[in-house]
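Worksheet: the structure to be examined is printed underneath.
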Amino acid sequence: MLSLPVYLDNNATTPCDPRVVEAMMPYFTQRFGNAASRNHVFGWQAEEAVNYAREQVAKLIGSEPKEIVFTSGATEADNLALKGVFGTYASKGNLPAGQAGHIITCNIEHRAVLDPCHHLEKQGAEVTYLKVKTDGLVDLDELEAAFKPTTILVAIMYANNEIGTIMPIKEISAIAKKKRVRVFTDATQAIGKIPVDVNKDDIDLMAFSAHKMYGPKGAGALYVRRRDPRVKLTAQMDGGGHEKGMRSGTLNVPGIVGFGKACEISLDEMQQDAMRTKRLRDKLENALLNIGGTSVNGGKQHRLPHVSNLSFKSAESESLMMEFSQDIAVSSGSACMSASLEPSYVLKALGLSDEMTGSSLRFSLGRYTTEEEIDYVIDIITNAVNKLRKTTAHIEP
Ligand SMILES: *Cc1c(COP(=O)(O)O)cnc(C)c1O
């Protein structure tokens, strides 16, 4: 039997895979040591577990284990990348006197990238926010034209959390490398869902998070390239010199063990998960497009397999959600924005009208989404949209 509500908000967070929880359990009770304790077996066990997890994480993204810096999640990794690069490369005489470091990013980045950029602007940084096209992708010519002699970093997300579009990261890094500028990508929504390889894509810094890929909350990582080129970061957390001095603080051993396990499972099952969710996503999307007055937000061509962001003309999303909030968990706009009821800046950046932005829903499927659930959701949403359009007595042209 179907258990309600149906969870289609996997881009906000995913449930922990039971195999992940099982791997974590011993590290709360028997193997509770501090990975930095060098004098006894408790510490050694914890350190060994962290090293193993570091290998599991590195393998998923094609990096060296040494290049993984564990953090509390992607928000912290984003802050460390942006502020850490700015701290190292914009304030140590690398720039002509009196000139500010310049960062190129885009206007549909997650808040965890945009807010640190705003913070750095107050510290004197210059930031270019590239506008995306209606398909949600940055224009490569505009990117190329944005470079200045003072550019120290390109920060473009791998895949967008609201619309699921996948940026041309490989092409973006090729342009940046030509200009000898470092590339940072927030890959939180891509890792574990589609193949990402830091060497094939020529990425220098990459943020991601366990709880978006069936691991626990409170664990994440920043990949930091160590050769060709070696990236140096200014730590944002001092005290103890953990993680090669880049992120001090006692490691979250159970969380890191779970993160490692989640990466191992994703590597094995990514392809089959993607094929399955894509089929179900397409079934859902096509059925909802059949209602009429429905449109897909963002380009469909370069898109994560499990995400669909739709606008339902003349059916306001908050009223829609009230119709089925007991039965289906989806989001309107991004999770963090929903609280404020502000129209999504991502959808507005695509050029959507306020009306279409206000009538959008994001469906994000996951490893545990079933066909039965999708059939149910199609039914409920179709009825809700039709009902709402009737009761608001909106007359279609
Ligand atoms: C969820 C998310 C974040 C924040 O990750 P946390 O681990 O929750 O801090 C950052 N960027 C993107 C694209 C996300 O989807």
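All heavy atoms count here, side chains included; hydrogens, waters and symmetry mates do not. Each ligand, and each atom within it, is numbered from 1 in the order the structure gives.
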Query raised in the report: Any N or O on His211 sitting closer than 3.5 Å to an N or O of ligand 1?
Result: yes

Report task. Please indicate whether any nitrogen or oxygen in Thr75 is less than 3.5 Å from any nitrogen or oxygen in ligand 1. Result -> yes

Query raised in the report: Can Lys177 and Asp204 be counted as an ion pair, charged N to O under 4.0 angstrom?
Result: yes

Query - Aromatic ring proximity Phe32/Tyr27, centre distance under 6.0 Å - result: no

**Report entry** Residue of the set Ser359, Ser332, Ser325 for which side chain to side chain donor-acceptor pair (under 3.5 Å) holds with Glu318
**Finding:** Ser332

Query raised in the report: Numbering the atoms of ligand 1 from 1, which are under 4.0 Å from a heavy atom of Gly73?
Result: 7 (O)

Query raised in the report: Are Phe259 and Tyr214 close enough that their ring centres sit under 6.0 Å apart?
Result: no

Query raised in the report: Regarding His102 and Thr128, is there a side-chain donor-to-acceptor distance under 3.5 Å anywhere?
Result: yes

Report summary line: Nearest non-hydrogen protein atom to atom 1 (C) of ligand 1, with distance, is Lys212 NZ, 1.3 Å

Report task. Look at atom 7 (O) of ligand 1 and say which protein heavy atom is nearest, naming residue and atom and giving the distance to 0.1 Å. Result -> Ser209 OG, 2.6 Å

Query raised in the report: Asn11 to ligand 1: N or O pair under 3.5 Å?
Result: no

Requested in this report: Considering heavy atoms of the protein only, find what lies nearest to atom 11 (N) of ligand 1 and give residue, atom and distance to 0.1 Å.
Outcome: Asp186 OD2, 2.6 Å

Query raised in the report: Near Ala74, which atoms of ligand 1 are under 4.0 Å from a heavy atom of that residue?
Result: 3 (C), 4 (C), 5 (O), 6 (P), 7 (O), 9 (O), 10 (C)

Query - Same apolar cluster (I L V M F W Y, side chains within < 4.5 Å links), Val257/Val21 - result: no

Requested in this report: Please confirm whether Arg247 makes a cation-pi placement over Phe70, using NZ or CZ under 6.0 Å from the six-membered ring centre and within 45° of the ring normal.
Outcome: no

Report task. Examine Asn161 against ligand 1 and note whether any of their N/O atoms are separated by less than 3.5 Å. Result -> no

